[in-house]
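Inspection log for the structure reproduced underneath, given as structure tokens.
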Amino acid sequence: MYRSHNCGALRVQQVGESVTLSGWVQRVRNMGGMTFIDLRDRYGITQLAFNEGWDNDLLAQARKLGREYVIRIEGEVLERESKNPKMATGDIEVKVLKLEVLNAAKTPPFTIETETDGGEELRMKYRYLDLRRDPLQAHIQLRHRVAQAVRSYLNEASFLEIETPYLIKSTPEGARDFVVPSRMNQGQFYALPQSPQTFKQLLMVSGYDRYYQIVRCFRDEDLRADRQPEFTQIDCEMAFVEQEDILNQFEGLTKHLLKEVKGVEIAQVPRITYAEAMKKYGNDKPDIRFGMELCELMELCQGKGFKVFDEAELVVGISVPGAANYSRKQLDALTNWVKRPQIGMQGLIYSKFNADGTYKSSVDKFFDAETQAQWHQEAGSNAGDLLLILAGKESICRKAMSELRLHMGAELGLRNPEEFAPLWVLDFPLLEWDEDTERYQAMHHPFTSPKPEDIALLDSDPGKVRANAYDLVLNGNEIGGGSIRIHDRAIQSKMFEVLGFSKEEAQAQFGFLMDAFEYGAPPHGGIAFGFDRLVALLGGSETIRDFIAFPKNNAGRDLMINSPAAVDNLQLEELGIDLRPQQD
Ligand code: ASP
């Protein structure tokens, strides 16, 4: 027998019992005649004690153990003389009577402790060692708990968990596909799913009216920080539903998760339209843990001879509570912050509404106190607040202000990771204009249904068509998105036409789906949650990598198995792929 208890189990109640434990040697501490070993497994740490007076052979054996050796011991539980209230097992220790080395270990390349001395690269290379550390253990266990809570909620609501294939044909979700060459059909390729979108819709046609899957998706995107080429979604679809039904169902899931996992009760998830979100926050995934809404100041700013304002497409401000006492240095730092290339502004204008009721701004030459008072009133300031103003090209300026708002929220400590503020964003535009291809693209995906009242605009003004599409946002992160789908062949082909597909192209790529719509397709809709991001947020972090057992790095590489990698020529030959340079 390897163990009677795990390393997190023993308490004073077991004092006097004979126990068997197995685990990893976290640390050996030699103190005069005593040696202590911290024995670790995923449940916790138990202190093992060896004493000169007890068994000197054992003591000598213990002193030779290295970090991360795997050992098995038999011993007796003793009450500790000096207890450690910080450890769950801190009241006891185990007097070792028998020690067996199950496997020796090389010295690990970094310390396997809560805080480690290992850099990111090294820890990725030895991920299996990093995963032994307790923060990672907690993350992986949290992930498991969230997955189970998702399943239990959806099972309870009669959803069926159904798997869909990984070797498929392209599903357009806006990224590139990963492709897999077919040996049996040389020159032909499978694509890995960017999501199970078309399959889940086909399941609705088949009558499985509530489906879900915790499923891997693959998108070959240019890597942005904290994106993974493969990631996990909670993918869901329902038939015979309207948007309202879906919002209610998944608002329920969100509340259930927050309650089960964090013990947080949410009364109701507020809703905002896309248009409103852009106006108030400059952003379609606003963090509503704090206010500081954007305020447009064009009318109050222009025509006073200040060129920066007069030439701007947009003048927009936020009122930062209690920041009127910001120093020159702090304001300079903010100015530099907005001038960084990622933000792209030329400068920052401020106006202080001082606690004593006076005004002081960087543009006092052009704007008197009365005008500044009007700005502050428009922005909802109180005495003591600081108005920050950006002016310039609409698209850049609104986005920059949105970033500045988040920055100020963080600076003022208003973005507490243990506070959860979910939000529905509704009525997304159906299409967005793509400058590069000079075409409309589906904002969500091409299967999203236009709002019935906007269908007529598809011909006259496609950019104005709103979709029955929604996102669920949590603390400024999009954690879920979905839509009511088109279930009518004619509208689906119209949609492909608007997106610039020829009839033949649409038929070749999506004929199977449009054909299915002619065999009794029910009205349906769904949503998918980004599972990795959701778990990370519940874990109080925004780094998804730390919540995936074996993630890729920012360059899309797995440093542990060293992938992607070349394959040997024989393999390529079998696949009919010739990588050698062509000879003339
Ligand atoms: N397939 C969509 C996505 O991956 C989600 C959905 O529409 O259900 O974003």
Side-chain angles (χ1 to χ4, degrees), residues 150 154 159-166 168-178 191-205 208-221 224 227-239 241-243 245-251 253-254 274 284-285 424-432 441-451 466-474 477-487 492 495 499 509-510 513 521-534 544:
V150 167
L154 293 174
F159 282 76
L160 297 174
E161 185 170 2
I162 305 175
E163 287 150 286
T164 51
Y166 281 152
I168 65 164
K169 213 164 82 169
S170 175
T171 37
E173 296 270 3
R176 268 184 220 97
D177 290 318
F178 280 103
L192 299 179
Q194 294 185 39
S195 90
Q197 186 60 36
T198 50
F199 287 95
K200 69 175 173 175
Q201 291 192 240
L202 292 170
L203 285 171
M204 295 305 110
V205 178
Y208 299 91
D209 61 1
R210 290 172 164 230
Y211 140 95
Y212 81 95
Q213 189 180 184
I214 298 183
V215 62
R216 198 67 54 77
C217 300
F218 306 85
R219 296 186 190 175
D220 188 4
E221 289 176 295
R224 274 183 269 157
R227 280 283 180 113
Q228 291 283 317
E230 54 177 304
F231 60 96
T232 303
Q233 283 190 342
I234 309 166
D235 191 45
C236 307
E237 196 76 2
M238 300 168 82
V241 285
E242 295 175 336
Q243 173 165 308
D245 301 307
I246 299 202
L247 299 186
N248 288 332
Q249 189 74 59
F250 292 98
E251 177 159 336
L253 172 63
T254 310
Y274 169 86
D284 63 4
K285 45 180 167 65
W424 284 112
V425 181
L426 308 178
D427 298 353
F428 276 81
L430 183 69
L431 302 163
E432 61 189 341
Q441 283 195 346
M443 188 140 178
H444 187 51
H445 52 54
F447 315 110
T448 295
S449 157
K451 284 198 174 288
R466 288 165 309 156
N468 269 325
Y470 32 80
D471 275 357
L472 188 63
V473 172
L474 182 60
N477 297 276
E478 181 203 324
I479 56 161
S483 59
I484 295 296
R485 325 297 184 191
I486 296 166
H487 64 281
Q492 188 65 71
M495 183 69 181
L499 294 173
Q509 267 195 64
F510 301 109
L513 186 68
H524 61 284
I527 191 167
F529 289 83
F531 183 63
D532 309 291
R533 170 85 46 212
L534 177 64
I544 67 173

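Order of listing sets the numbers, starting from 1, for every ligand and every atom in it. Not measured: the values here are computed from a predicted model.
A tilted orientation is assigned to the rings of F250 and F529, their planes being inclined by 30° to 60°.
Taking 4.5 Å as the limit, every side-chain heavy atom of F218 sits out of range of all side-chain heavy atoms of F231. Between H524 and M238 the shortest side-chain heavy-atom distance does not fall below 4.5 Å. Side chains of Q213 and Y211 form a contact here, defined as non-hydrogen atoms less than 4.5 Å apart. H444 has its side chain out of reach of F428: every pair of non-hydrogen atoms, C-beta onward, lies at least 4.5 Å apart.
Counting only N and O atoms by type, the side chains of D427 and Y470 include no donor and acceptor under 3.5 Å apart.
Checked by distance only, ligand 1 and H444 come closer than 3.5 Å through their nitrogen or oxygen atoms. By the 3.5 Å distance cut-off applied to N or O atoms, Q233 is counted among the residues near ligand 1. At under 3.5 Å, a nitrogen or oxygen of K200, whether backbone or side chain, sits near a nitrogen or oxygen of ligand 1. Note: no N/O pair closer than 3.5 Å links E237 and ligand 1 by distance alone.
Set against the non-hydrogen atoms of G481, the atoms of ligand 1 under 4.0 Å away are 5 (C), 6 (C), 8 (O). In summary, the atoms of ligand 1 found under 4.0 Å from a heavy atom of G482, numbered by their order in the structure, are 6 (C), 7 (O). Those atoms of ligand 1 with a heavy atom of S195 less than 4.0 angstrom away are 1 (N), 4 (O). Heavy-atom contacts of A528 reach the following atoms of ligand 1: 5 (C), 8 (O) (cutoff under 4.0 Å).
Atom CD of E242 has 12 or fewer neighbouring heavy atoms from other residues, nucleotides or ligands inside a 6.0 Å radius.
Comparing Q201, Q197, R485 by heavy-atom distance to atom 1 (N) of ligand 1, the nearest is Q197. Checking R219, H445, Q194, E478 against atom 4 (O) of ligand 1, the nearest heavy atom belongs to R219.
Each of Q201, E237, Q492 was scored for a side chain to side chain donor-acceptor pair (under 3.5 Å) with R485, with one residue passing: E237.
Proximity of I527 to ligand 1, defined as any heavy-atom pair under 4.0 Å, is confined to the backbone N, CA, C and O atoms.
When hydrogens are left out, the protein atom nearest atom 9 (O) of ligand 1 is E173 OE1, 3.7 Å; that is the closest non-hydrogen contact.
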